[in-house]
Amino acid sequence: MMNYAEASALVLEECRTALSRIEERQTEEFIERITGARKVFCVGVGRVKLSLEAFAKRMCHFGIDIHIVGDITEPAMSEEDVLIVGSGSGSSIIPVGIAQKAKSLGGTIIHIGSNPNSPLAPITDLMVRIPVQTKLYLADEIRSQQPMSSLFEQTLFLWGDTVACLIAQRRHMVGKELWQYHANLE
């Protein structure tokens, strides 16, 4: 049985390995697409949705017009917009259905997931692959000792913060000036 130190070391090492396996080219194209979009939408379910919500919050701080699908303030999507679909397997019914609808509206679809041959593949304009264990247990996925798809959700969260670091640096948005964009009704 693991103790706390061993468990935390396991989590950190698995995340480090997973982040190192994401292709830089995919990350760069992701940044280009979301920073060049009129609006950005995010869809995911469960813990994946939580990771995307954290990412969306940070992008708001950078002035990116970003929304979570299903929120009461969600605007209409157009052909100038991007939908980010978070789904490890790429087969979750709600994200797939939303992506199909977004594609029919002319939107750009970005899938962040592990399965490059998912039902999303035919309509995806860009896939950012986080090649970690999903419910599909694909042969080339990084195996995890953590429960279920924890490694995917953690890596998605950390990758989102990595993207945020890159965007902040490129826009010279650092330090105290960023706090002007933080929520202040707290």
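Quick caveat, the model's predicted, so the values are computed rather than measured. Basis for what follows: all heavy atoms, side chains included, without hydrogens, waters or symmetry-related copies.
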Determine whether [X] and [Y] make a side-chain contact, defined as any pair of heavy atoms from C-beta on separated by less than 4.5 Å.
| X | Y | answer |
| --- | --- | --- |
| F30 | L166 | no |
| P119 | S91 | yes |
| I110 | D125 | no |
| I31 | R170 | yes |
| I167 | I34 | yes |
| K135 | S92 | yes |
| L10 | M2 | yes |

Please check if atom [atom1] in [X] has more than 12 non-hydrogen atoms from other residues, nucleotides or ligands closer than 6.0 Å.
| X | atom1 | value |
| --- | --- | --- |
| F157 | CZ | no |
| L126 | CG | yes |
| E24 | CD | no |

For residues [X] and [Y]: do they belong to one hydrophobic cluster (side chain heavy atoms under 4.5 Å, members Ile, Leu, Val, Met, Phe, Trp, Tyr)?
| X | Y | result |
| --- | --- | --- |
| I64 | M77 | no |
| V82 | V48 | yes |
| I109 | I112 | no |
| I84 | L156 | yes |
| I98 | I66 | no |

[atom1]/[X] to [atom2]/[Y] distance, rounded to the nearest 0.5 angstrom?
| X | Y | atom1 | atom2 | value |
| --- | --- | --- | --- | --- |
| N115 | R129 | CG | CZ | 7.5 Å |
| I130 | Q26 | CD1 | CD | 9.5 Å |
| Q154 | L12 | CD | CG | 9.0 Å |
| R38 | D65 | CZ | CG | 8.0 Å |
| K103 | T108 | NZ | OG1 | 6.0 Å |

Closest heavy-atom pair and its distance - [X], [Y]:
| X | Y | result |
| --- | --- | --- |
| P95 | L120 | O-CD2, 4.5 Å |
| A168 | F62 | CB-CZ, 3.7 Å |
| S114 | L138 | O-CD1, 4.4 Å |
| A99 | V85 | CB-CG2, 3.9 Å |
| A18 | I142 | CA-CD1, 3.8 Å |
| V43 | L52 | O-CD1, 3.3 Å |

Quick one: do R25 and E28 make a salt bridge, cutoff under 4.0 Å? no
Hey, does the side chain of [X] reach the backbone of [Y] with a donor-acceptor pair shorter than 3.5 angstrom?
| X | Y | result |
| --- | --- | --- |
| N3 | E6 | yes |
| E141 | T134 | yes |
| T155 | F152 | no |
| S87 | G113 | no |
| Q133 | L151 | no |
| S51 | E153 | yes |
| E14 | S144 | no |
| D81 | K39 | yes |

Going by distance alone, is a donor N or O of one side chain under 3.5 Å from an acceptor N or O of the other, for W159 and T27? yes
So V69 and E74, side-chain contact (heavy atoms from CB on, under 4.5 Å) or not? Walk me through it. CA-CA 6 Å; V69 172; E74 175 191 347; 4.0 Å; yes
